[in-house]
Amino acid sequence: MSVASIQRKRRRETYLVFIALCAFTFVNLMPLIWAVLTSLKDPKDAFTIPPTIIFEPTLKYHWEVWFENDFVRYLKNSLIISAGTVCISIPAGSLAAYALSRIPRRNAGPILSALFTIRMFPHMLLAIPFFVMGTFLDLIDSYLLLILALVAINQPFTIWLMHGFFLEIPRDLDEAAAIDGCSSWQAFRIVILPLARPGMTVAALFSLLLSYNEFLFALVLTGTNTKTLPVAIASFGGEDITAWSLSAAGAIGIMLPIVLVMLALQRHLVRGLTAGAVKG
């Protein structure tokens with residue numbers, strides 16, 4: 001086979017892969033596109049059969065969501081709870097993951113398996129004990145209770161993720177730091193943490209995403225003062241077909257902040273995922 005024919009074959013394969021990826025992306029974006037169009041339509045246009053393609057767009061429902069339904073307050077609650085979860089989960093998870101990466105695998109394996117098992121528990125199974133505990137401590141409708149609950153359910157994921165990054169850092173660096181007179185804590189803080197920063201960024205972003213989108217725990221453990229966006233959007237009239245434009249506008253409003261954060265930190269996310277290939 002000549003070089004030219006090989007190049008043509010590769011170009012055809014590249015085009016086919018590109019077309020397949022475009023089709024896959026379009027299919028995955030269809031719900032989002034549909035939600036955006038619905039949020040810009042009046043209900044009478046949103047549910048016509050066949051669908052109305054040409055319509056007069058309106059921002060009335062976006063305005064109603066942001067300025068007439070206390071959306072900003074719910075957004076503030078979500079951001080406070082998400083930031084609190086990340087600020088507790090990442091330091092604690094990094095310390096645990098580092099310790100597990102430096103002990104013999106036969107000892108770390110059962111602990112990691114137990115953490116994985118805990119992460120598989122149904123959320124409802126854990127929500128009820130947290131509700132009882134919060135009622136007993138008078139913490140229902142407080143930021144602290146929901147933050148601690150989200151840290152508890154997301155910590156196994158954080159530890160597993162960070163464990164893979166710490167395994168990639170040679171243990172020789174710990175020994176070199178010890179020879180230079182560093183304690184275990186100093187070696188971790190001065191030598192290991194800077195190298196694990198990409199992994200911590202990835203873990204922080206995933207922890208932020210999981211806590212920001214949490215619905216069940218937020219529904220059970222919050223109240224009027226600490227209601228988050230996922231809980232608030234459920235009360236925006238989704239059960240009433242005439243209010244679906246409002247619900248779609250709320251869904252877009254929920255998505256925008258986290259999408260902006262992910263776009264702003266996309267470079268760090270890609271770098272962290274590339275650097276964090278799990279060893280063995």
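For the single chain, residues carry numbers from 1 onward in sequence order. Remember, predicted model here, so these are calculated numbers, not experimental data.
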Taking salt bridge (Lys or Arg N to Asp or Glu O under 4.0 Å) as the definition, give me every residue that meets it alongside [X], ordered by chain and number, with sequence neighbours left out.
{"X": "Arg73", "answer": "Asp70"}
{"X": "Lys60", "answer": "Asp42"}
{"X": "Asp141", "answer": "none"}

Listed by chain and number, what are the side-chain hydrogen bond (donor to acceptor under 3.5 Å, both in side chains) partners of Ser78, not counting sequence neighbours?
->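 Once residues adjacent in sequence are excluded, Ser78 has no partner under the side-chain hydrogen bond (donor to acceptor under 3.5 Å, both in side chains) criterion.
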Within 6.0 Å of CD in Glu68, more than 12 heavy atoms from elsewhere |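 Yes - once you tally the heavy atoms of other residues, nucleotides and ligands closer than 6.0 Å, there are more than 12.
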Could you see if [X] belongs to whatever hydrophobic cluster contains [Y]? Use Ile, Leu, Val, Met, Phe, Trp, Tyr and a side-chain cutoff under 4.5 Å.
{"X": "Val151", "Y": "Trp160", "value": "no"}
{"X": "Ile140", "Y": "Met124", "value": "yes"}
{"X": "Ile159", "Y": "Leu148", "value": "no"}
{"X": "Ile147", "Y": "Phe206", "value": "no"}
{"X": "Val220", "Y": "Leu210", "value": "no"}

Scan residues 12-41 for pairs that pass salt bridge (Lys or Arg N to Asp or Glu O under 4.0 Å), counting only residues two or more places apart or in two chains.
->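 Qualifying pairs, neighbours excluded: none.
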Tabulate below the donor-acceptor pairs under 3.5 Å that side-chain atoms of residues 106-118 make, not counting sequence neighbours, or state none.
from   : atom 1 : to     : atom 2 : distance (Å)
Ser113 : OG     : Gly109 : O      : 3.0
Thr117 : OG1    : Ser113 : O      : 2.9

Is the shortest heavy-atom distance from the side chain of Ile153 to the side chain of Phe121 under 4.5 Å?
->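 Result no, sub-4.5 Å side-chain heavy-atom pair not found.
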Can you list the other members of the hydrophobic cluster that holds Val17, where links are side-chain heavy atoms under 4.5 angstrom apart?
->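 Answer for Val17: Leu21.
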Connected hydrophobic set around Val231, excluding itself, where side chains approach under 4.5 Å =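 Phe215, Leu219, listed by chain and number.
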Kindly state each residue pair satisfying side chain to side chain donor-acceptor pair (under 3.5 Å) with at least one member in residues 86-103, sequence neighbours excluded.
->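 Applying side chain to side chain donor-acceptor pair (under 3.5 Å) to every pair that reaches into residues 86-103, excluding sequence neighbours, yields Ser89-Gln155, Ser89-Thr158, Tyr98-Asp174, Arg102-Asp174.
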Out of curiosity, Leu100 CG to Met162 CE, how far, rounded to the nearest 0.5 Å?
->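 Reported to 0.5 Å precision, the distance equals 12.0 Å.
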CG of Asn213 to CD1 of Ile254: how many Å apart, nearest 0.5 Å?
->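 Here the interatomic distance stands at 8.0 Å.
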Taking Glu214 for the side chain and Leu216 for the main chain, is one N or O donor matched with an acceptor at less than 3.5 Å?
->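 Checking the backbone N and O of Leu216 against the side chain of Glu214, a donor-acceptor pair under 3.5 Å is found.
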Counting distance only, does the side-chain N/O of Asn77 pair as donor-acceptor with the main-chain N or O of Asn225 below 3.5 Å?
->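 Yes, Asn77 side chain to Asn225 backbone: donor-acceptor pair under 3.5 Å.
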With sequence neighbours left out, write down each residue that passes ring pair (Phe, Tyr, Trp, His ring centres under 6.0 Å) with [X], or none if nothing qualifies.
{"X": "Phe217", "answer": "His123, Phe130"}
{"X": "Trp34", "answer": "none"}
{"X": "Phe67", "answer": "Trp63"}

